[in-house]
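Notes for the one structure printed next.
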Amino acid sequence: MTYTIEKVATLIGARRYGKHKADIGFLLTDSRSLCFPEETLFFALKTKRNDGHNYIADLYRRGVRNFVVTDVPNNYDSAYSGANFLKVIDTLEALQRLAERHRDAFDIPIVGITGSNGKTMVKEWLYQLMSPDMYVTRSPRSYNSQVGVPLSVWLMDKQTRLGIFEAGISEKGEMSALRDIIQPTIAVLTNLGSAHQENFESAEEKCREKAILFHDAKTIVYHADDKIVAGVVASLDYRGERLYWSTSDRQAPMYIKAVEKKETAATITYIYKGGIENWYSIPFIDDASVTNSIVCATIALHLGLDADKLDERMLQLEPVAMRLEVKEGRHGCTLINDSYNSDFNSLDIALDFMNRRPDHQGRRRTLILSDIFQSGVEPARLYRDVGELAAKRGVEKLIGIGPSISSYADEIHTQEKYCFSTVADFIHSPVFKGLRNEVILLKGARRFGFDRITELLVQKVHETVLEVNLNAVVDNLNYYRSFLKPETKLVCMIKADAYGAGSVEIAKSLQDHQVDYLAVAVADEGAMLRGNGITSSIMIMNPELSAFKTMFDNDLEPEVYSFRLLDALVKAAEKEGITNFPVHIKLDTGMHRLGFDPEKDLDKLIEKLQHQNAVIPRSVFSHFVGADSDDFDSFSALQFERFDRASKRLQQAFEHKILRHMDNSAGIEHFPGWQMDMCRLGLGLYGVNSRNNEIINNVSTLKSTILQLRRVPADETVGYSRKGKLMRDSVIAAIPIGYADGLNRHLGNRRGYCLVNGCKAEYVGNICMDVALVDVTGIDCKEGDTVEIFGDHLPVTVLSKILDTIPYEVLTSVSSRVKRIYFQD
């Protein structure tokens, strides 16, 4: 559903500056999440630490033309020609009001869920129970805040038949706004726990705040066995249906007669509204899952799901995704990374995961834990409970990081214990250096920067270096930009670790120079960029079915090239509660590698995309087979004709703008008329012109050092298998680079050469894993002198010609153990 900018201005009561036509389909509050600028309305929210108005200029440059502001730029009519500014008193209130007016357009069941814990689980499981029968719109992930709720409600469209939204509060006065936005017909209180208790005088006060969600709902769902909840609800002036559940009150609308737990499943026997006795089973046995399933069953039965379907679908429930990453670390360690939050309940889950993880090596279990915030528990008791929990879960060593946990370290009783004020203090301590043969759980709030610990525990170093000239990258970028129209967007390929140059620093430079998209091969590459502060839009060119969660967590936009991939991605997104996740559709116009057939598959593709809302096509593209050669121009024209016809059909099937792109580095230069909406810059960015195999501006220089010089007489041999036969008395230099570093073995035995002090020095004998031998006879050199493998004076294209391959292969072969050094002139 879209709204005209005029309609939006009316709905939020804004004064409009600018009279440009616009249709609004997407709301944006975080500039880093921008995807569809043409139809985006940006709300410049002001917080204690940030001001959205600071990002208007950047968003305008990236294509956004519609803004909700409290302060209109003084030069809006000149500096922001083409833009609309809607001026309001409070941008957050305007966002909430727009969502509220959007909600008014729907006369359907809306479930609003609040509670201290279990909101997301209930939401996701209820979705799994009801979505086979109706189109359900639900909150993405845990979008339950003052900003998250309006963004969630905005996702409802004409297909929605059931809405499920979370409402989370942390202090008094927050629920009223969320209630007005959600306007639930069914209001649910999952439980009353300790979260955010520090902001309320009592548990009863917190319950009353949560119960504001009940006002005006037709039906309320709650646990009557909880005395505080039951007491608060009894005191309300509520006249709708009280659909409570109980394990003790046989007259309860949802009476739970029995809960039977077996090894891997639990069976719940119930009587609903005085009917016959029924039961269902779930594939979980923990108390939280049992409780959440009862809440879901109560709502599902109320919505009309019959007992047989309920039993069938309950048994098929899938767990809600958890953020636990397992990585192999240095020195025999395994890392379990859960450094996203540090609340007590999620700590228990993570410790349980570590404790249950098989470890046949008998390694110690270590917990690295930050301060725990917003627990509502007195610190001494909190950390005493942490120590008890850790001990019960098999933790032998605890490393605390933060001022609070350090202050209350005496309350924690484990076999081995260390505390530090900051991550930096820990990293520079003997304790960090002594981590060996341990299973390590990293559990901390984001603000502590635990990612630094992770990076160091997996860090690899090596002596030979690759020097990367960041100025050259920018010069190459500008070279290709000179062929583009001002409105043409640009995707910069930084897959394969930026063609061996190191993707993080390259991405930072490209982001600083305002490229529209970055593209990597796999999700892990994109996640690594996000972890290093890259906020640009990132495209995943070869998405793996096992990496969907990584893509969702890091806003990584996958290429979709087959129905198998599309179906799996949609299913995974729905499981995560995600809607309108941007994807890039690949068409096979002649490469015959990956992609949808533009003739045979298009109708089916359009139908599938239209009948779901988990993903949304952001762009459609294809690959030229031979843009680098004039010999293939006729076939390139045929490819473009196929793509042009199919991509336009795809565009016409959707209301939003779908970007089209086909030109690669060679195509940008050779086919300027086929730029369309966007182009992809790959090898050219790294200085190689694939049209003529010449260097534009060299980016990467691979260097090594002479370790040792040795005089070897004629008729002797050097290296393995005595392949390096010497015909004269020679001086042989050993350099610390081998095929494990990316030096191709086929360069050995005098097929290739390097430069020593500017002179050619042939590789003699077989190239070894870690060492190569070069003939420096007659060259003025000494141990410690620099050796250029390829770079400014020995172009990488020379090596690729010798090897009968392409520069891509040589560049991407440089091993990750080779240290990268970045510089700017």
Side-chain angles (χ1 to χ4, degrees), residues 2-5 8-9 12 14-47 49-88 90-92 94-95 98-99 147-148 150-151 154 481 484-492 507-518 529-530 533-539 554-557 580-582 616 618-619 656-659 677-678:
T2 60
Y3 290 79
T4 65
I5 193 67
V8 171
I12 65 176
R15 181 177 179 181
R16 182 179 174 188
Y17 293 79
K19 299 181 179 180
H20 308 282
K21 292 184 178 180
D23 291 319
I24 303 302
F26 302 89
L27 307 184
L28 181 69
T29 60
D30 186 338
S31 63
R32 294 169 296 183
S33 300
L34 178 64
C35 185
F36 298 99
E38 302 86 357
E39 298 167 70
T40 289
L41 178 62
F42 176 69
F43 286 79
L45 303 181
K46 291 184 178 182
T47 66
R49 297 185 178 181
N50 212 344
D51 186 347
H53 293 76
N54 296 333
Y55 300 94
I56 290 175
D58 178 63
L59 287 169
Y60 182 83
R61 179 194 58 78
R62 294 164 65 189
V64 178
R65 292 295 180 268
N66 300 284
F67 304 88
V68 178
V69 298
T70 56
D71 304 299
V72 178
N74 293 329
N75 57 343
Y76 81 92
D77 51 348
S78 57
Y80 300 99
S81 59
N84 294 302
F85 289 92
L86 305 185
K87 184 177 181 180
V88 296
D90 187 309
T91 50
L92 176 59
L95 171 66
L98 179 59
V147 173
L151 294 178
W154 177 262
R481 273 181 166 169
L484 300 180
K485 301 172 184 176
E487 65 271 19
T488 303
K489 300 180 184 297
L490 193 61
V491 184
C492 286
K508 288 178 179 178
S509 293
L510 295 174
Q511 183 169 272
D512 287 343
H513 287 80
Q514 305 174 342
V515 300
D516 301 284
Y517 261 98
L518 302 175
L529 292 177
R530 290 286 187 242
I534 302 302
T535 59
S536 299
S537 298
I538 300 177
M539 193 183 301
N554 294 281
D555 294 324
L556 308 175
E557 304 174 18
N580 289 338
F581 195 78
I616 187 170
R618 173 54 176 154
S619 81
H656 70 276
K657 182 175 179 60
I658 300 176
L659 303 174
D677 301 303
M678 190 156 65

Quick check: closest heavy atoms across A507 and L529, and the distance to 0.1 Å?
CB-CD2, 3.9 Å
Within 6.0 Å of OH in Y55, more than 12 heavy atoms from elsewhere
no
Please walk me through it: do Y3 and L98 pass side-chain contact (heavy atoms from CB on, under 4.5 Å)?
CA-CA 10 Å; Y3 290 79; L98 179 59; 5.5 Å; no
Identify the heavy atoms of W154 and I24 that sit nearest to each other, and give their distance.
CZ2-O, 4.2 Å
Rounded at 0.5 Å granularity, tell me how far OG1 in T488 sits from CG in L659.
11.0 Å
Return yes if some donor-acceptor pair links the side-chain N/O of R62 with the main-chain N/O of P37 below 3.5 Å, else return no.
no
Is there a donor-acceptor pair under 3.5 Å between the side chain of Q511 and the backbone N or O of S536?
yes
Tell me the closest heavy-atom pair linking S31 and F42, and the distance in Å.
N-CE1, 4.3 Å
Here the gap from I534 atom CD1 to N554 atom CG, rounded to the nearest 0.5 Å, amounts to 12.5 Å
Sidechain-backbone polar pair: T91 side chain, A44 backbone, donor-acceptor under 3.5 Å:
yes
Check for a donor-acceptor pair, side chain of E39 on one end and backbone N or O of K657 on the other, with a separation under 3.5 Å.
yes
Please lay out, stage by stage, how D30 and L45 fare under the test side-chain contact (heavy atoms from CB on, under 4.5 Å).
CA-CA 9 Å; D30 186 338; L45 303 181; over 6 Å; no
Between H656 and T2: side-chain donor-acceptor atoms closer than 3.5 Å:
no
Could you walk me through whether H53 and T70 pass the side-chain hydrogen bond (donor to acceptor under 3.5 Å, both in side chains) check?
CA-CA 9 Å; H53 293 76; T70 56; 3.3 Å; yes
Considering only heavy atoms from C-beta outward, does the side chain of F43 approach that of V147 to under 4.5 Å?
no
Tell me, please, which residues at least two apart from D516 pass salt bridge (charged side-chain N to carboxylate O under 4.0 Å, His left out).
none
Tell me if a side-chain donor or acceptor on R16 pairs with a main-chain N or O of G18 at a distance below 3.5 Å.
yes
Residues which pass salt bridge (charged side-chain N to carboxylate O under 4.0 Å, His left out) with R618, listed by chain and number, not counting sequence neighbours:
E38
Any residue meeting ring pair (Phe, Tyr, Trp, His ring centres under 6.0 Å) with Y76, in chain and number order, not counting sequence neighbours:
Y17
Starting at CG of D77, measure out to NZ of K19 and round the result to the nearest 0.5 Å.
12.0 Å
Can you see which heavy atom on T40 is nearest to which on L34, and at what distance?
OG1-CD1, 4.0 Å
Minimum heavy-atom separation for I538 and Y517, please, with both atom names.
N-CD2, 4.2 Å
Could you walk me through whether L95 and L151 pass the side-chain contact (heavy atoms from CB on, under 4.5 Å) check?
CA-CA 8 Å; L95 171 66; L151 294 178; 4.3 Å; yes
List the steps, then state whether side-chain contact (heavy atoms from CB on, under 4.5 Å) holds for I56 with Y80.
CA-CA 10 Å; I56 290 175; Y80 300 99; 4.0 Å; yes
Would you name the heavy atoms of I5 and L41 that are closest together and state the gap between them?
CD1-CD1, 4.3 Å
Does CG belonging to N74 count more than 12 external heavy atoms closer than 6.0 Å?
no
Could you measure the distance from the CE atom of M539 to the OG atom of S619? Nearest 0.5 Å is fine.
4.5 Å
Under the criterion side chain to side chain contact (heavy atoms under 4.5 Å, CB included), which of L27, L86, T29, L28 is the partner of V68?
L86
Six-ring centre of Y60, R65 cation under 6.0 angstrom, axis tolerance 45°
yes
Quick one: does any side-chain atom of N84 pair with a main-chain N or O of H20 as donor and acceptor, under 3.5 Å?
yes
